[in-house]
Engineer: 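Below is the structure I would like to discuss, written out as structure tokens.
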Amino acid sequence: TIFSSFSNFYNSFLQPIYSLINFKSVAVSSLWPNIFTTVAELNVAPLSQVISQIGGTLIFSLAIVGIALVLLKEMKSEKTEGKSENNLFAGVLFAVWLIAALYTTTKGVRFILLVAPIVAISFGGFLGITWNLISKWISKELKINLIISKTVVFVLLALLLIQPTLAGYNAAHNSVPSMNDAWYNTLTKIKTEAPENIIITSWWDFGYWFKAIADRPVTFDGGTQVGHGAYWVGKSLLTNNEKTTAGILRMLNCGQNNAFEELNNILNDTPKSVQILNEIIVKNKANAIKILNNYELNDKQVNNIIEYTHCNAPVDYYITSEDMVGKAGVWGHFGSWDFEKAQMYQETKNLNRNEAINNLKNKFNLNLEEADRIYYEIQNNDADQWIAAWPSYQSGLSPCQKQNNNNYTFICNIGMQQGVASFNINLNKNEATIQTNNDQQLFPKSFVFVKEGEIKQKIYENNTIGSSLILIPIGETYQAILSDPTHAYSTFTKLFFFDGLGMDCFKKFDEVRQFTGGKISTWKVNYEC
């Protein structure tokens with residue numbers, strides 16, 4: 001309070017509580033996405049799951065009885081011994097601790113770890129007090145030696161521990177590690193063959209593996225789950241322009257999000273700052289400087305920003321792996337984050353209708369009808385769902401069969417939510433169609449395929465199913481997969497499914513197969529592409 005302010009003092013008590021309550025909130029204190037909304041261990045745990053994880057209903061119930069017994073014991077000792085101090089402290093502490101720990105589990109399953117100690121202590125209290133009281137009672141009433149009665153009661157109470165002990169053993173015995181030889185060999189090769197000053201980029205899940213085994217720094221890992229990392233790495237995978245991917249990686253390896261911080265300190269406009277960065281990262285240094293000058297920045301400001309976008313960055317080793325196909329909905333969500341919609345949500349969510357519509361009209365140049373529609377959407381949708389979609393790969397890989405022994409016509413039967421769809425492929429005409437039961441001809445939203453050594457994309461405007469079809473050559477035949485249109489022609493699709501065909505910014509460093517068949521590919525990035 002003396003050296004800073006009184007608010008800093010009282011916030012030291014309130015901030016941890018506020019942070020716990022709001023740490024999964026979106027578009028509240030920041031326009032960047034909140035990656036905590038997608039971390040599996042932060043999924044909400046129902047009380048039944050919490051109780052199951054800490055030993056089951058019986059153990060949990062007896063732990064509560066244990067707290068009650070501690071309270072009764074302390075109250076009794078207070079009356080009989082005439083003590084002036086508050087002997088209720090232990091019981092009250094246990095009760096408050098249990099309630100607080102149970103509340104944290106409403107924010108994620110990982111916080112069950114906080115419930116385990118107090119349940120263990122309270123259950124121990126139940127066992128200790130019960131053991132003492134019952135063994136004394138048996139010894140007195142049945143005239144049995146106290147040591148014998150204590151031993152018998154101890155054995156009976158110990159039977160309560162058999163079931164949770166077996167459950168714990170089985171959980172440990174049946175667990176399977178995610179690490180395998182393929183991952184270990186991939187990262188060991190980076191350690192032994194890559195220069196020391198490289199940086200590894202992939203989605204964050206295995207970042208600690210990369211640091212521990214490859215012994216190299218990473219762009220993004222479990223300790224740096226920040227909004228800007230989720231956006232930039234997600235966009236590097238989702239963009240259909242490999243130059244954008246290379247530009248993002250160079251910027252991140254020059255200084256993470258410092259370019260944005262420098263620019264936004266000047267503009268104080270997050271959507272505009274992000275838009276300008278997306279504009280300049282694909283340009284060479286001279287053209288990037290010209291663009292920044294057009295926004296009336298002075299030379300010092302321009303140089304500070306360029307230092308973090310166009311430095312002589314460490315080479316990036318970019319990893320694409322099978323697990324990222326299943327996670328595409330998550331990194332696709334963050335990579336397609338709409339900062340303008342985030343700003344709309346943040347500024348109007350808590351306003352009344354007239355205030356919100358006026359804000360949307362004046363600040364975002366919307367007409368009355370658009371402003372009214374967006375206000376309605378904001379009031380009736382979760383922020384994370386409204387600001388950005390969750391694009392994903394919508395099927396597994398399905399084999400295609402030649403038609404009439406023709407190398408250019410195929411049928412690909414792909415499972416969809418509505419059933420199996422039969423796609424007729426004609427590579428002579430660059431066509432993909434679906435024949436329906438009523439003879440109506442439908443098309444994928446886009447068709448991505450290889451022809452004459454190039455990855456091509458054909459976009460359909462009418463009679464589309466909303467999903468895109470990706471046709472992948474496998475030797476002399478093909479496999480196909482359905483995806484959201486934003487994934488169909490993405491950097492990840494080109495690297496992982498098309499093996500980097502025709503790409504200038506990526507050179508394959510390594511590729512291995514896991515025992516499950518999943519592929520791990522490592523790419524060396526060329527910023528000069």
Side-chain angles (χ1 to χ4, degrees), residues 30-33 35 194-204 207 210-211 214 216-221 223-239 241-319 334-335 337 339 342-343 491 504-507 523-529:
S30 171
L31 298 185
W32 291 92
I35 195 169
E196 288 192 5
N197 63 334
I198 63 104
I199 294 177
I200 301 172
T201 301
S202 190
W203 196 238
W204 68 268
F210 304 162
K211 294 202 300 193
R216 299 293 187 275
V218 299
T219 304
F220 198 27
D221 62 25
T224 52
Q225 293 174 16
V226 286
H228 66 258
Y231 170 70
W232 290 119
V233 175
K235 179 157 187 171
S236 78
L237 294 160
L238 190 66
T239 179
N241 184 349
E242 62 173 321
K243 294 180 182 179
T244 299
T245 303
I248 288 172
L249 298 174
R250 177 173 59 186
M251 178 184 71
L252 292 175
N253 292 343
C254 283
Q256 285 284 320
N257 207 38
N258 288 344
F260 167 80
E261 299 293 345
E262 287 284 343
L263 183 55
N264 204 51
N265 283 339
I266 302 164
L267 302 180
N268 194 28
D269 186 337
T270 295
K272 187 174 182 179
S273 297
V274 172
Q275 174 248 312
I276 292 172
L277 289 177
N278 278 310
E279 189 178 350
I280 67 173
I281 57 176
V282 296
K283 306 294 184 183
N284 61 35
K285 188 172 183 178
N287 287 331
I289 290 172
K290 287 180 183 178
I291 292 171
L292 291 174
N293 286 330
N294 290 337
Y295 288 99
E296 299 181 354
L297 275 62
N298 62 44
D299 289 345
K300 182 179 179 182
Q301 292 169 334
V302 169
N303 289 334
N304 288 343
I305 295 164
I306 289 294
E307 179 185 348
Y308 293 122
T309 58
H310 289 73
C311 75
N312 184 21
V315 174
D316 196 278
Y317 279 57
Y318 200 66
I319 296 178
F334 293 124
W337 192 254
F339 288 89
Q343 189 172 26
T491 292
D504 298 320
C505 302
F506 297 86
K507 180 181 179 182
W523 308 87
K524 184 178 178 181
V525 181
N526 172 23
Y527 301 133
E528 303 305 317
C529 63

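Below, all heavy atoms of this structure are taken into account, side chains as well, without hydrogens, waters or symmetry copies.
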Engineer: Looking at Lys283 and Asn287, what are the two nearest heavy atoms and their distance?
Structural biologist: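 Lys283 and Asn287 have their closest heavy atoms at CB-CB, 4.0 Å.
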Engineer: Should Thr270 and Gln343 be marked as a side-chain contact (heavy atoms from CB on, under 4.5 Å) after you check the CA-CA gap, both sets of side-chain angles, and the distance that decides it?
Structural biologist: CA-CA 9 Å; Thr270 295; Gln343 189 172 26; over 6 Å; no
Engineer: Is there side-chain contact between Lys524 and Val315, with at least one heavy-atom pair below 4.5 Å?
Structural biologist: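 Yes, close enough: below the 4.5 Å cut-off.
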Engineer: To the nearest 0.5 Å, tell me how far Ile305 CD1 sits from Leu292 CG.
Structural biologist: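 The CG atom of Leu292 is 5.0 Å from CD1 of Ile305, to the nearest 0.5 Å.
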Engineer: Which value, rounded to the nearest 0.5 Å, describes the distance between Ile248 atom CD1 and Thr201 atom OG1?
Structural biologist: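 The distance works out to 10.5 Å.
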Engineer: Mark yes or no for whether Tyr231, through its side chain, and Val226, through its backbone, hold a donor-acceptor pair below 3.5 Å.
Structural biologist: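 No; judged by distance alone, with no hydrogens or angles, the pair does not exist.
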Engineer: Taking only residues two or more places apart in sequence, or in another chain, which ones meet Tyr308 in a side chain to side chain contact (heavy atoms under 4.5 Å, CB included)?
Structural biologist: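 Scan of Tyr308 (side chain to side chain contact (heavy atoms under 4.5 Å, CB included), adjacent residues dropped) gives Asn258, Ala259, Glu262.
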Engineer: With a cut-off of 6.0 Å (strictly less than), are more than 12 heavy atoms of other residues, nucleotides or ligands near CG of Asp299?
Structural biologist: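 No - once you tally the heavy atoms of other residues, nucleotides and ligands closer than 6.0 Å, there are 12 at most.
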Engineer: Would you call the rings of Trp232 and Trp32 parallel, tilted or perpendicular, taking 30° and 60° as the class edges?
Structural biologist: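 Tilted.
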Engineer: If I compare all heavy atoms of Ile35 with all of Trp203, which pair ends up nearest, and what's the gap?
Structural biologist: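 Answer, listing the atom of Ile35 first, then Trp203: CD1-CZ2, 4.4 Å.
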Engineer: Has Asn268 got more than 12 heavy atoms of other residues, nucleotides or ligands less than 6.0 Å from its CG?
Structural biologist: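 Check fails, neighbour count at 12 or below.
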Engineer: Any side-chain to backbone donor/acceptor pair from Arg216 onto Pro195? Under 3.5 Å, distance only.
Structural biologist: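 Here the side-chain-to-backbone pair exists.
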Engineer: What pairs with Lys211 under salt bridge (charged side-chain N to carboxylate O under 4.0 Å, His left out), at least two apart in sequence or on another chain?
Structural biologist: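 Partners of Lys211 by the salt bridge (charged side-chain N to carboxylate O under 4.0 Å, His left out) criterion, ordered by chain and then number, come out as Asp221.
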Engineer: For residues 250-284, which residue pairs pass the disulfide bond (SG atoms under 2.5 Å apart) check, not counting sequence neighbours?
Structural biologist: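 Qualifying pairs, neighbours excluded: Cys254-Cys311.
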Engineer: Donor-acceptor pair, distance only, cut-off 3.5 Å: does the side chain of Asn257 make one with the backbone of Phe260?
Structural biologist: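 Side chain of Asn257 to backbone of Phe260, a donor-acceptor pair under 3.5 Å: no, none is there.
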Engineer: Ile281 and His310: which non-hydrogen atoms are nearest, and at how many Å?
Structural biologist: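 Answer, listing the atom of Ile281 first, then His310: CA-CE1, 4.5 Å.
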Engineer: Between atom CG of Leu267 and atom NZ of Lys272, what is the distance when rounded to the nearest 0.5 Å?
Structural biologist: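 One finds 6.0 Å between CG of Leu267 and NZ of Lys272.
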Engineer: If you round to the nearest 0.5 Å, how far is SG of Cys505 from CG of Asn241?
Structural biologist: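 Nearest 0.5 Å value for the CG-SG distance: 8.0 Å.
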Engineer: Gln256 versus Thr224: any side-chain heavy-atom pair under 4.5 Å?
Structural biologist: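 With C-beta onward as the side chain, the pair stays apart.
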Engineer: State the CD1-CG distance between Ile280 and Leu263, to the nearest 0.5 angstrom.
Structural biologist: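 It is 7.0 Å, given to the nearest 0.5 Å.
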Engineer: Within this structure, what is the CG-CG distance for the pair Asp269 and Asn264, rounded to the nearest 0.5 Å?
Structural biologist: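 Between atom CG of Asp269 and atom CG of Asn264 there are 7.0 Å.
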Engineer: Would you say Glu279's side chain and Ala288's backbone share a donor-acceptor pair under 3.5 angstrom?
Structural biologist: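 No, because the side chain of Glu279 does not come within donor-acceptor range (under 3.5 Å) of the backbone of Ala288.
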Engineer: Between the main-chain N or O of Ser236 and the side-chain N or O of Thr245, is there a donor-acceptor pair closer than 3.5 Å?
Structural biologist: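 Answer holds: yes.
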Engineer: Output yes when a side-chain donor or acceptor of Arg250 lies under 3.5 Å from a complementary backbone atom of Thr309, and no otherwise.
Structural biologist: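 Judged by distance alone, yes, a pair lies under 3.5 Å.
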Engineer: Specify the closest pair of heavy atoms between Pro314 and Ile199, including all atoms of both residues, with the distance to one decimal.
Structural biologist: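 Nearest heavy atoms, Pro314 then Ile199: CG-CD1, 4.0 Å.
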Engineer: Tell me, which pairs form a ring pair (Phe, Tyr, Trp, His ring centres under 6.0 Å) where one or both residues lie in residues 264-304, sequence neighbours left out?
Structural biologist: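 Output for this query is empty, none listed.
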Engineer: Which word best sums up how the rings of Phe334 and Trp337 line up, parallel for under 30°, tilted for 30 to 60°, or perpendicular for over 60°?
Structural biologist: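 Taking Trp337 first and then Phe334, their aromatic rings sit tilted (interplane angle of 30° to 60°).
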Engineer: A quick test of your reading: do over 12 heavy atoms of other residues, nucleotides or ligands sit less than 6.0 Å from CG of Asn312?
Structural biologist: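 Not buried by this count: 12 neighbours or fewer within 6.0 Å.
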Engineer: Apply side-chain contact (heavy atoms from CB on, under 4.5 Å) to Thr219 and Asn253, showing your working.
Structural biologist: CA-CA 7 Å; Thr219 304; Asn253 292 343; 3.6 Å; yes
Engineer: What residues form a ring-ring contact (aromatic ring centres under 6.0 Å, His included) with Phe210, not counting sequence neighbours?
Structural biologist: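 With sequence neighbours excluded, Phe210 shows a ring-ring contact (aromatic ring centres under 6.0 Å, His included) to Trp183, given in chain and number order.
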Engineer: Closest heavy-atom contact between Val233 and Phe220?
Structural biologist: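 Scanning both residues, the minimum pair turns out to be CG2-CD2, 4.0 Å.
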Engineer: I'd like to check the side chain to side chain donor-acceptor pair (under 3.5 Å) partners of Tyr317; sequence neighbours left out, ordered by chain and number.
Structural biologist: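 For Tyr317 there are no side chain to side chain donor-acceptor pair (under 3.5 Å) partners, ignoring immediate neighbours.
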Engineer: Grab the two heavy atoms, one from Val218 and one from Gly207, that are nearest each other, plus how far apart they are.
Structural biologist: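 In this case the closest contact between Val218 and Gly207 is CG1-O, 3.8 Å.
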Engineer: Please walk me through it: do Lys507 and Asn526 pass side-chain contact (heavy atoms from CB on, under 4.5 Å)?
Structural biologist: CA-CA 8 Å; Lys507 180 181 179 182; Asn526 172 23; over 6 Å; no
